[in-house]
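Please read the structure below before turning to the comments.
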Amino acid sequence: MSADQLRDSAAAAERWNPTTAWNNQLRQLSKQRQYREALTLYRNMVRSSFFPNAFTFPFLLKSCAFLSLPLTASQIHAHVIRTGSQPDPYTRSSLINAYAKCFLPHNARKVFDEMPNPTICYNALISGYSFNSNLTDAVKLFCQMRREEEDGLDASVNVNVNSVTLLSLVSGCSAATHLTIGACLHGCCVRFGFATDLAVTNSLVTMYFKCGEVELARQVFDEMLVRDLITWNAMISGYAQNGHARNVLEVYNEMKLSGVSVDPVTLLGVLSACANLGAQGIGRQVEHEMERCGFGCNPFLRNALVSMYSRCGNLTRAREVFDCSREKSVVSWTAIIGGHGIHGHGEVALELFDKMVESGVRPDKTVFVSVLSACSHAGLTDRGLEYFELMKMKYGLQPGPEHYSCVVDLLGRAGRLEEAVDLIRSMKVKPDGAVWGALLGACKIHKNVEVAELAFQHVVELEPTNIGYYVLLSNIYTDANNLEGILRVRVLMRERKLRKDPGYSYVEYKGKVHLFYSGDLSHPQSKEINRMLDELENLVKEIHPPNEKCEERSEELLIGTGVHSEKLAIAFALLNTKRGKEIIVMKNLRVCVDCHLFIKLVSKIVNRQFIVRDATRFHHFRDGICSCKDYW
DNA sequence: CTAGGGTTAG
């Protein structure tokens, strides 16, 4: 609705019964989520000096809550006070909610403390504390509410814990540290008889996912007798956010079978899973589904699509989707910049960044993570450092550990290890595992045992159970022929009962994702795959005879080598795919150099292009040539 | 007062 139309209809309303008519207008706008328009209407109302009643304020305050406008909220609060009469419970709960959603829980509390509170005011404040991730106060208030409910000290108000109370509390548990409280609340839900309330159970599913308890979430889901769209979406997003991409696809299929129709949130989760799996084929189907359902312009989905295509290795399509997106937010730019960065196109990534700034979008911390990592993937060390300065000086953004780890990576890959160490020492925030880990990774590339030991010391203190770092150090010792060091790391690993998870890779074929562990014999085509692999190994040996001792040494001492999962995946893909058609995408290949070599040679032999993706970056092997500046 | 949501290194 335009401002003129608003004025016209408001004028028409005034001729009727001013306040009721105004309120009806407000109700309409609020229903249609036209919150800005509702507030515009309010300004017109004030100008024509109307008399608000109890129905007026809640609509306005809801708009403030939604748009997070603390000033407008307090202006309306002042107006409420000016009316002279005691505000009714609805107005008070709206005030509490508005303040809480504007990140002013203190003001919300003040309103709450002014007089005795009925259920909705308790609920509003509890939900407000939850929203501001202040679980302690939310739970305290819940306890107070239960006492009030039991004792009923104040007969003027009625207090009852209801499903909304528990809903607000449960959805406040959003991190692993909240698990204990979350599980307690789950118990409360059962005891209070809300365990069959759909909204409550849905929020329990989400709560367990957010706490990282994938199995418990699944259990709640399995026990549900009724499921709706939200239930399925909670499962899909939950699995996606916890990195269980294959379960996402499973649940997605189940959902379609159950006859519930999808919405943008569903597809968002599925796209993110496709991105993680490298399942471009499924991703493409999702894109069609998107168009078919009329979600083609949904900016959230378009961003997810850009990210999916780039992470599946199809930068061309990612670029097309990006270019055709009308609404380009900082998130859209982050996705496309990251996409170019991940593929080694650092220069393009930087150009895109400049274009973004030109287009008037203000960069945030996240986009700088993409920019910095793009620079390090492309070897643009000095430009990366320039952008790091730009971030601090021009945009006044405080770098977090995630930025420092990129810059350490940047310096480290370029061999500037001392500078990297100095940078870490100069940090104002405490370096996290990733920062020292980046340094350790750089030491592997540049074979620097001394700095590696320093980095390892710190990283192990911060992430004592992250097996990757032990493996990295052990392999650094291997390169340096330092047997004593290798043994030391192995003893450490044994003492801490750490075992390396088997590596795995996957290939998408005919809409299904085929997963291979190293040494895996469970695939139905296992026999053929291994035959194919033998053949490939022999061909590879012919054109690249093993380099005597060197190869043997590494086979024996590197941790986690053997029949690599990616070799199985390659053999599978070659067995099943038509010549020249597909690009093969694999993931999670923390591949050591000899395996890269293997892939490169196979690529030459079969004359096919592979895009191999590992956990940290993409490597392109086109006609046997690695375009990503050779392993870095 | 009221359940599910896009981007992000190592």
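Heavy-atom basis, side chains included; hydrogens, waters and symmetry copies ignored. The sequence lines fix the lettering, A, B, ..., with proteins before strands; numbering per chain opens at 1.
A distance below 6.0 Å separates the ring centres of Tyr239(A) and Phe209(A). In this structure, the ring of Phe131(A) has its center less than 6.0 angstrom from the ring center of Phe103(A). Between Phe322(A) and Trp333(A), the ring centre distance stays below 6.0 Å.
Distance, Asn303(A) CG to dG6(B) C1': 5 Å, rounded to whole Å. Going from atom CD of Glu402(A) over to atom C1' of dT8(B) covers 8 Å, rounded to whole Å. One can place CG of Leu372(A) at 13 Å from C1' of dG10(B), the figure rounded to the nearest angstrom. Spacing between atom NE2 of His186(A) and atom C1' of dA3(B) amounts to 14 Å, rounded to whole angstrom units. Protein atom CE of Met255(A) is 10 Å distant from nucleotide atom C1' of dG4(B), rounded to whole Å. Taking atom CD1 of residue Ile336(A) and atom C1' of nucleotide dT7(B), one finds them 12 Å apart after rounding to whole Å. When rounded to the nearest whole Å, the span between CG of Asp364(A) and P of dA9(B) equals 13 Å.
Backbone-only engagement by Gln241(A) is indicated by non-hydrogen atom pairs under 4.0 Å involving sugar-phosphate atoms exclusively. Residue contacts shown for Lys101(A) are limited to sugar-phosphate atoms, with no base heavy atom under 4.0 Å away. Heavy atoms of Thr366(A) sit under 4.0 angstrom from at least one base atom. Across all strands, Ser127(A) comes closer than 4.0 Å only to sugar-phosphate atoms, never to a base (heavy-atom distances). Using a 4.0 Å heavy-atom distance criterion, Asn162(A) is classed as making no nucleic acid contact. At a threshold of 4.0 angstrom between heavy atoms, the contacts of Thr201(A) with the nucleic acid are absent. Across all strands, Leu167(A) comes closer than 4.0 Å only to sugar-phosphate atoms, never to a base (heavy-atom distances).
With Glu419(A) as the partner, the side-chain contact (heavy atoms from CB on, under 4.5 Å) test is satisfied by one option alone out of Val408(A), Leu410(A), Leu411(A): Leu411(A). Applying the side-chain hydrogen bond (donor to acceptor under 3.5 Å, both in side chains) test between Asn202(A) and each of Asn233(A), Thr231(A), Asp197(A) identifies Thr231(A) as the sole match.
For His377(A), a side-chain nitrogen or oxygen approaches OP1 or OP2 of dG10(B) to under 4.0 Å. For Lys365(A) and dA9(B), the shortest distance from a side-chain N or O to OP1 or OP2 is not below 4.0 Å. Considering only side-chain N and O atoms, Asn97(A) lies under 4.0 angstrom from the phosphate OP1 or OP2 of dC1(B).
With sequence neighbours excluded, the residues that form a side chain to side chain contact (heavy atoms under 4.5 Å, CB included) with Asn160(A) are Thr119(A), Glu149(A), Asn158(A).
Relative orientation of the Phe192(A) and Phe142(A) rings is tilted, given thresholds of 30° and 60° on the angle between their planes.
Dense packing is recorded around NZ of Lys256(A), with more than 12 heavy atoms of other residues, nucleotides or ligands lying under 6.0 Å away.
Near DNA chain B, meaning a heavy atom under 4.0 Å away, the residues from residues 224-234 of chain A are Asp228(A), Leu229(A), Ile230(A), Asn233(A).
Side chain Asn298(A) to base dG6(B): no donor-acceptor pair is found below 3.5 Å.
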